[in-house]
Amino acid sequence: MITAGMPRKPGQTRDFLFDTNAPIVARVACMVAKRAPKALVGIITNPVNAVVAVAAEAMKKAGCYDPKRLFGVTTLDVVRAEKFIGEHMNIHPYDVRIPVVGGHAGTTIVPIFSQCQPPFEGDEKCIASIVKRIQTGGDEVVKAKAGKGSATLSMAYAAARFTNALMRGLKGKACAPECAYVQSDATDAPFFSTPLSFGKDGIKKNHGLPEMNESEKKQVKVAVDALKKSAAKGVEYMKK
């Protein structure tokens, strides 16, 4: 699980971190390729949408890239969705299941409310409000810490949850699908987060895009356009 790099500060976007964090991720990916080429690699370092492509290109250069073993960790977006929906519906977040697809920044984060279980209780205005909060949840934390950090405890929880899912897969144990940002043909974007099941080789099954309503389809289209640019940025960096 790669967490190395500079965290965000007030007023900074995740993209702002690229110039600092991309070379760090590239170096770590090269070390993984050399020392543990069969490892399952989860990237937490931001901007996830771009640096996953950096890691993939670094591993390709080392001749050990396996798209089933490289993950951008987007579990925090799912955790926030479950938390905020649970608060709204007065139920425990553990009892909420909702796929959050796309990427890990702003409008690339797309919670699929139409597939929420239990069914979401609220109108379109309410959904829009919670979607906005899920997409900007990291900003809340950055502002609250007044420049002294970003979302660390909630990210630690999300990372632990995702790692446990990977380890259950390695042991051949069943686990509910978890969303992650991976190489995918689910959309036109080269990397895209969708629900995944895990096995001893990493991704056992990519469940692809869930059923969506028209509003969610439009949100996915916006996400795809942005994610294509982010991935291209990562590839271009490694060419240089």
Side-chain angles (χ1 to χ4, degrees), residues 1-6 13-77 101-105 108-109 155 158-159 162-163 165-167 169-170 177-209 220 223-240:
M1 303 303 287
I2 301 173
T3 63
M6 183 177 74
T13 64
R14 290 181 176 89
D15 287 339
F16 179 86
L17 303 176
F18 182 84
D19 290 342
T20 300
N21 290 348
I24 295 172
V25 170
R27 288 198 299 272
V28 175
C30 288
M31 287 189 279
V32 170
K34 183 177 181 180
R35 302 292 184 183
K38 295 295 185 181
L40 304 183
V41 181
I43 296 182
I44 293 168
T45 305
N46 276 313
V48 168
N49 292 355
V51 297
V52 169
V54 169
E57 293 302 307
M59 291 175 174
K60 287 177 185 176
K61 288 186 176 183
C64 75
Y65 176 56
D66 183 347
K68 298 194 303 293
R69 298 174 184 271
L70 178 64
F71 309 88
V73 181
T74 61
T75 313
L76 182 52
D77 302 320
V101 305
H104 184 58
T108 69
I109 302 168
M155 186 63 245
F162 184 72
T163 303
L166 289 182
M167 291 194 294
L170 286 172
E178 291 284 357
C179 294
Y181 184 66
V182 298
Q183 182 176 314
S184 170
D185 58 6
T187 69
D188 291 338
F191 295 90
F192 199 86
S193 182
T194 47
L196 309 170
S197 294
F198 307 113
K200 61 183 181 64
D201 297 317
I203 299 174
K204 183 176 182 180
K205 181 179 181 180
N206 187 329
H207 297 275
L209 284 168
V220 165
V224 168
D225 290 342
L227 292 173
K228 289 163 72 173
K229 294 176 183 176
S230 293
K233 185 175 184 177
V235 171
E236 187 62 29
Y237 171 82
M238 288 305 294
K239 285 181 179 178
K240 296 177 181 178

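Quick caveat: nothing in here was measured; it's all calculated off a predicted structure.
Across all non-hydrogen atoms, the minimal contact from Leu196 to Ala180 is CD1-CB, 3.7 Å. Taking every heavy atom of both residues into account, Asn21 and Gly5 meet most closely at OD1-CA, 3.3 Å. Heavy atoms only, all atoms of each residue included: Val220 and Val101 are closest at CG2-CG2, 4.1 Å. Residue Ala58 comes nearest to Ala26 through the heavy atom pair CB-O, 4.0 Å, listed as atom of the first residue, atom of the second, then distance. Heavy atoms only, all atoms of each residue included: Ile109 and Ala105 are closest at CG1-N, 3.5 Å. Smallest separation of non-hydrogen atoms from Ala159 and Met1: O-CE, 4.4 Å.
Between Lys233 and Asn49, the closest side-chain pair of non-hydrogen atoms is not below 4.5 Å. Looking at Leu166 and Phe71, their side chains come closer than 4.5 Å, going by heavy atoms from C-beta outward. At least one side-chain heavy atom of Arg69 sits under 4.5 Å from a side-chain heavy atom of Asp201. No side-chain heavy atom of Thr3 sits less than 4.5 Å from a side-chain heavy atom of Met155. Side-chain atoms of Asn206 and Val182, non-hydrogen and from C-beta on, do get closer than 4.5 Å to each other. Side-chain contact between Leu70 and Gln183: absent, with no pair of heavy atoms (C-beta onward) separated by less than 4.5 Å. The shortest distance between side-chain heavy atoms of Lys240 and Glu236 falls below 4.5 Å. A heavy-atom distance below 4.5 Å is found between the side chains of Asn46 and His104.
We find the CE-CG distance between Met59 and Asp66 to be 9.5 Å, quoted to the nearest 0.5 Å. Expressed to the nearest 0.5 Å, how far CG of Asp77 lies from OG of Ser193 amounts to 8.0 Å. Residue Thr74 holds its OG1 atom at 7.5 Å from CZ of Phe162, rounded to the nearest 0.5 Å. Distance check, rounded to the nearest 0.5 Å: OG1 of Thr108 to CZ of Phe192 gives 8.5 Å.
Between Glu57 and Lys60 there is a salt bridge, with a side-chain nitrogen of the basic residue lying less than 4.0 Å from a carboxylate oxygen of the acidic one.
For Phe16, the CZ atom sits in a loose shell: 12 or fewer heavy atoms of surrounding residues, nucleotides or ligands are nearer than 6.0 Å. No more than 12 heavy-atom neighbours from other residues, nucleotides or ligands sit within 6.0 angstrom of NZ on Lys204.
Relative orientation of the Phe191 and Tyr181 rings is tilted, given thresholds of 30° and 60° on the angle between their planes.
His207 and Thr194 share no side-chain donor-acceptor pair at under 3.5 Å.
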With side-chain contact (heavy atoms from CB on, under 4.5 Å) as the test, would you mind laying out the steps for Ile24 and Met6 before giving the verdict?
-> CA-CA 10 Å; Ile24 295 172; Met6 183 177 74; over 6 Å; no

Determine, step by step, whether Leu227 and Thr187 satisfy the side-chain contact (heavy atoms from CB on, under 4.5 Å) criterion, reporting the C-alpha distance in whole Å, the side-chain angles of both residues, the deciding distance to 0.1 Å, and the verdict.
-> CA-CA 10 Å; Leu227 292 173; Thr187 69; over 6 Å; no

